[in-house]
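Written out below as structure tokens is the structure these notes cover.
Counting convention: from 1, in listed order, for ligands and their atoms alike.
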Amino acid sequence: MKNTLLALCCLIIFSCAQGQITEQVDFTRQDTLRGSITPERSWWDLTYYHLDLSVMPDEKYISGKTSVYYKVLDNSKELQIDLQSPLKITSAIQNGQSLDIRHDGNAHFISLKDKQEIGKVYSVDVFYKGNPKEAVRAPWDGGFSWKKDKNGNHFIATSCQGLGASVWWPNKDHMYDEVDSMLISVTNPKELTNISNGRLRSKKENNDGTVTSHWFVNNPINNYGVNVNIADYVHFSEVYEGEKGPLDLDYFILSYNLEKAQEHFTDAPKMMKAFEHWFGPYPFYEDGFKLVEVPYLGMEHQSSVTYGNQYKKGYLGRDLSGTGWGLKFDFLIIHESGHEWFANNITYKDIADMWIHEGFTNYSENLFLDYYHGKEAASEYVIGTRKGIKNDKPIIGYYNVNKEGSGDMYPKGGNMLHTLRQLIENDEKWRQILRGLNETFYHQTVTTQQIENYISEQSGIDLTAFFNQYLRDIRIPTLEYEIKNGALKFRWTEIVNGFDMPIQVTIDNKEQWLFPKNKWQSIPIKNSTFKIDEDFYIRHKQI
Ligand SMILES: [Zn+2]
């Protein structure tokens with residue numbers, strides 16, 4: 001069947017006050033196959049994966065299969081499965097019949113023989129093998145990290161956000177569709193232990209010097225959240241009394257780090273307490289919560305958050321805010337675990353909307369501080385992170401081509417939400433909105449529009465222009481003002497259509513709201529003292 005998808009070549013132009021910035025972005029046919037809901041994806045809905053994988057560390061080689069279970073939604077076509085080179089699909093089998101596969105780069109189109117009845121569930125076994133791409137700068141590039149610990153033991157982990165889980169296992173590699181549950185079976189040398197997502201269901205030694213562990217994830221899980229971590233692990237645990245009852249917190253670390261971890265991981269229950277307060281119950285009680293040591297910085301793998309921050313406070317010992325507050329907690333534990341709510345519970349459908357993961361999770365860092373050190377400390381922290389904002393590109397990326405937006409989605413996203421908290425001017429209402437998001441979109445994949453609409457509805461404020469300004473434009477709203485002859489003249493510049501955000505200011509020692517528009521307005525001022533509340537992420541210019 002002829003595929004009608006064409007390669008995209010986009011010329012993206014957006015304007016700013018300094019002139020026009022033009023960014024030429026070329027996307028390939030492969031980007032479209034990877035990033036869009038193709039006709040070969042849309043007719044079926046994932047229900048379950050069984051990933052069954054053998055890992056041979058000495059050879060840096062893997063082989064296995066994914067059993068893909070799906071419900072038929074519409075008239076069947078070819079079935080698209082993704083797997084990235086140099087890994088190879090060796091066969092695809094349904095009901096004992098070997099199926100033809102048409103390969104198009106990293107997309108593989110399977111021709112099914114059986115009739116696919118709408119409403120029924122089928123499965124196809126996709127076998128594969130090879131030397132997977134090795135991660136060079138995990139977790140930013142992704143693939144397999146084949147490292148050694150200080151004792152010379154293998155220390156192996158996978159990471160794949162952005163690049164896609166198809167870098168190490170065959171799957172439907174688009175974020176819009178998630179399985180309802182998943183079994184991950186991993187076979188590795190018996191002297192090593194594999195830790196994956198969810199709970200260990202069983203473990204069995206084989207006759208050939210290997211061991212197979214079966215990990216069951218009893219919840220929807222996104223592709224990049226799935227992981228394999230193989231090392232000489234030791235284990236300790238505790239039970240956290242949470243909002244939904246007792247929650248297992250399990251820690252898997254290298255043996256020589258046990259003492260350090262026992263002291264350092266006290267940030268984990270503290271995190272759980274603060275985030276359950278702000279965001280609602282931990283979203284995966286059935287699967288427990290784990291921190292798993294890995295040979296790279298860390299990643300938000302669902303219910304098995306991976307950790308490589310070297311048992312230091314801050315981000316590898318650094319405070320990203322420059323205020324000192326960032327050294328009060330282990331950045332990786334707080335940030336990656338914050339993703340359990342925003343990334344794993346509420347997941348973007350398209351990576352263009354990645355701010356839903358990183359904006360809220362950046363923001364969660366200051367909510368953690370707020371819970372333990374108060375509102376002022378939290379404000380100082382989030383304001384401090386503004387130095388990392390570049391305003392180079394919009395936060396929202398390009399849809400349907402697997403392309404995220406600017407790295408500003410972290411600090412600018414966090415500061416946008418901090419600004420929003422000021423606008424809502426009611427901390428309890430704001431907390432209920434954050435909890436409401438996690439309840440309303442529980443275990444779902446979403447678009448930015450759904451999140452924007454929900455916050456507008458719940459706050460009672462039309463935030464259309466607000467989100468357009470901060471998410472889709474690079475300009476920072478700028479308050480121009482002049483104090484002359486007993487009057488304060490003011491207006492917004494550098495704004496999108498319809499932007500009229502009020503701000504809190506102090507005029508003549510009195511705190512009050514100011515309602516600037518794009519046209520000049522004027523109010524009386526006596527002693528010329530005028531101060532703008534720093535909590536609002538804006539610029540100001542006296543003329
Ligand atoms: Zn993150």
*Tell me, with the steps shown, if E425 and Q504 meet side chain to side chain contact (heavy atoms under 4.5 Å, CB included).*
CA-CA 10 Å; E425 214 192 359; Q504 279 190 309; 3.6 Å; yes
*Spell out, as yes or no, whether a donor-acceptor pair under 3.5 Å connects the side chain of E340 to the backbone of S303.*
yes
*Classify the angle between the aromatic ring planes of Y224 and Y348 as parallel (below 30°), tilted (30 to 60°) or perpendicular (above 60°).*
parallel
*Do the rings of Y251 and F265 sit parallel, tilted or perpendicular, given the 30° and 60° boundaries?*
tilted
*Excluding sequence neighbours, so at least two apart, what forms salt bridge (Lys or Arg N to Asp or Glu O under 4.0 Å) with E263?*
none
*Counting only protein atoms, how many N/O/S atoms are less than 2.8 Å away from the Zn ion (ligand 1)?*
4
*Measure the acute angle between the ring planes of F342 and F279, then classify it against the limits of 30° and 60° as parallel, tilted or perpendicular.*
perpendicular
